[in-house]
Amino acid sequence: MKETDIKFLESAFKKYYFEQFNLIRVPERTSEREFGYQKFNSGMTRHISVKDDKELHLLLMQNVPSDVYCSNAYYSFPNLPMNEKDWKEADLIFDIDAKDLNLSCRTNHTLSVCNDCSEISNNSEKCLKCNSTKLEKKSVPCKNCIDASKTEVLKLSEILINDFSINKDNIQVYFSGNEGFHIYVYNTQFQQIGSRERSELVDYIMFNGAIPEKFGMKKFKPNRNSFPDFDESGWRGRFSKYVYGSKSKRSKIISELLSNGYSSFQKTLDDVSENIGAKIDPNVTMDIHRIFRLPGSINSKSGLTKIHCKNLEKFDAYIDSSFLSDDTVEVLANCPIEFKLKNKKFGPYHNEKVSIPTFAAVYMICKKLATIA
Amino acid sequence: MLSLGQDEIAKYPFLADAGQYLKDKGFTLEQFGTDPDLKELITKAYERIQVAADGKIYKSDLIGDQVSKEAALPREVFSFLLAIVLLKLSGMHTLIKRFALAEARRAEKYLEKDLANISDESKKQLAIRVIDDLFSVQIEKLDDYFVIPVSDYLKHSINFHEREWKLINRHVENGQVFLTPHETVRLIRKELGTYINAKIVNAKTPTMIPGFEDSVNKLVMLSKKFSTFTVTTGEYPPCIKHAIDILEKGENLPHSGRFMLATFLLSKGQSVQQIAPLFKNAPDYNERVTLYQLNHLAGTSGSGTQYSCPSCEKLKTQSLCFATSECEGIITPLQFGKKRK
Ligand code: SF4
Ligand SMILES: [Zn+2]
Ligand SMILES: [Zn+2]
């Protein structure tokens, strides 16, 4: 990234950190957490401990980081090297990202930015100008992506609440600041389990590894009696609702399943997992040493804030997470796709100088789709 | 500690305090070596080990759940306690392992029966308490099932690789997993074996007691059948070879052993991709978890800290060291085979 662009982003971020500090709060049990941050064009600094809001504020003002992180784990000595930290427990965390949802809209709003010549093309494998394969994929906002991610969040919450008896108040949903959601789950029986156990939870939530026997299909002498009922709880219930469609079709569908046989049933299980499993990123949930984007901080992939969604249904990612100023700046924009931020439409821009509000300029510069003119 | 009735001690003899038990019954170990009637029990104890060594479960004099004979119960307990004395005197670790395993299977049967007992509530309560006291697993009875918190379930189930134990294939409701008595006991099988094994390993070794020699000698002979482990020389130090051996046999290598092996091989320049297949045979193998853990150790993910191979001293305390003369003078396995100035 160019020096002038970095300067511009840093001053915009700094202004945010100065004016909106009320949005950035240290998490509970602050002194047991590990913090870390990244600056533009440089590596990660981690193993930091922070005492309170004031100290965090100071850190942000002094370093003007591009991204700020905080552990979901609690340690006795968060600022020591990893093997001396003395891990105590960790909140459950989940990452749901639109790019992992196999959505058909993705190709329409994904751009390829060439790392060699900066050429921007619609989602392709090779740079159309210099044939380079060093392409970075950048995606611009799309309502469908956010809606689909919300659906996954709801699937996840439903499982957490109904199967694991987790209190709704202990589940907090955040917009990630780019194209997905981060979910935190506090004060549960899972605080102290390790990554192998968390990996099992992931498979449960994603509906991975189900065997026919458990869902009614026996290998030997299969019969109708063991198939789940429409109203059953847990996965047997979700499975039957999805596969039978309605109560009245249960009998007919079971006959079909029985006549198709055991291995076909296994295939059905594997196929439906794509639809009924909640699509979370397994690596995030099983990592018990991760530092995760700090709520209230800016995501440098977009300049938007990772923000708490008090009402997920009404939450509008591209209005409610944009806190940068409206001051106009002039940029050289190369963004062939139209996008909407704070209810205003921008683009498409074809290598042209435009005067736009700071929040939109930051958005495009973060995605390498514009530079300061 | 639980206060146990006579028949309970017979079923779960590893719960008894051996010294106290003998004292309460008014016996000393020496008497077993000399008194002709009591000496018979040493033979019984030897047989109990022999059966275990053959991989079978010792058939007790207890018939079903019933107290058969007034005398049978203490004899059951004595044969167990004496078996431990014999094992300690022989010092044969392979036999201790096999014995612990067989005794665990034996106790498992009783636990399962007690859990399923619908006529005697106190038996069921005892089984529940044994499981709670020993393994901190809180189980509760709910209709025909036993339920345990999902988190507790996971801590144990991750040691199984059969798919039926995956959480997705379990009845989960209200944060709890539903299990049959059989499954409940199966879930703690490994821990039960480990518990009994530790109890024996940690027991004090008495000095030789007159009258015990014959049986001890017979045990030493018996154990020869099972010691197959030989140390060969080569590029890797004995501790590393041993760990690889265990994995190749598909046996369980403790976490500390895996840590040693992975950090050693990483330091020798092997990649995570090269190392991962080594763990394929482990009873709890899971590709995703193995890669995550290896990447974590290699410092290629998350923390960025690369972990180093533990020192020989540390490995000794973890019972992972199998030093040979070639190990002389080195302080970490990494120095093995390097010429010193
Ligand atoms: S002395 Fe060191 S290198 Fe040798 S076996 Fe023991 S731990 Fe391994
Ligand atoms: Zn190019
Ligand atoms: Zn989209």
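Per chain, numbering begins at 1; letters A, B, ... match sequence-line order.
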Residues A/Q189 and B/P149: closest non-hydrogen pair is OE1-CB, 3.4 Å

Quick one: are A/W235 and B/V172 in side-chain contact, heavy atoms under 4.5 Å?
-> no

What's the shortest heavy-atom distance between A/V202 and B/R288, and which atoms?
-> CG1-NH1, 3.9 Å

Is there a side chain to side chain contact (heavy atoms under 4.5 Å, CB included) between A/K214 and B/E164 once you walk through the steps?
-> CA-CA 8 Å; A/K214 166 73 192 182; B/E164 56 171 294; over 6 Å; no

Give a yes or no on this: more than 12 heavy atoms of other residues, nucleotides or ligands lie within 6.0 Å of atom CD of B/E162.
-> yes

Flag yes if more than 12 heavy atoms outside B/D144 fall under 6.0 Å of its CG atom; otherwise flag no.
-> no

When rounded to the nearest 0.5 angstrom, what is the spacing between CH2 in B/W165 and CD in A/E200?
-> 12.0 Å

Counting only heavy atoms not in A/K219, do more than 12 fall under 6.0 Å of its NZ?
-> no

Top contributor to chain B interface from A/S233, A/G209, A/P81, A/G234 [non-hydrogen pairs under 4.5 Å] = A/G209

Okay, A/N162 and chain B: the region with an atom under 4.5 Å from a heavy atom over there is backbone

Contact origin within A/I211 toward chain B - heavy atom pairs under 4.5 Å | both

Shortest non-hydrogen contact between B/R163 and A/A210, atoms and distance = NH1-O, 3.9 Å

Tell me, side chain or backbone of A/S199 under 4.5 Å from chain B's heavy atoms, or both, or neither?
-> both

In Å and rounded to the nearest 0.5 Å, what is the CG to OH distance from A/N283 to B/Y292?
-> 9.5 Å

Around atom OH of A/Y174, are there more than 12 heavy atoms of other residues, nucleotides or ligands at under 6.0 Å?
-> yes

Value for NE2 (B/H171) from CG (A/D163), rounded to nearest 0.5 Å, stands at 9.0 Å

Any B/Q293 side-chain heavy atom under 4.5 Å of A/R196 side chain | yes

The reported gap from CZ in A/F164 to CG in B/L167 (rounded to nearest 0.5 angstrom) is 5.5 Å

Heavy atoms only: give me the nearest A/S165-B/G175 pair and the separation to one decimal.
-> CB-N, 3.8 Å

More than 12 foreign heavy atoms under 6.0 Å from NZ of A/K88: is that the case here?
-> yes

Is it the side chain or the backbone of A/F207 that comes within 4.5 Å of chain B heavy atoms, both, or neither?
-> both

Counting heavy-atom pairs under 4.5 Å with chain A, the top scorer among B/V289, B/N169, B/D152 is B/N169

Value rounded to 0.5 Å, distance of CD1 in B/I168 from CG in A/N208 = 7.5 Å

Does the side chain of B/Y307 reach to within under 4.5 Å of the side chain of A/M82, using non-hydrogen atoms?
-> yes

Side chain / backbone / both / neither for A/L269 at chain B, heavy atoms under 4.5 Å | neither

Return yes when atom NZ of B/K97 has more than 12 non-hydrogen atoms of other residues, nucleotides or ligands closer than 6.0 Å, and no otherwise.
-> no

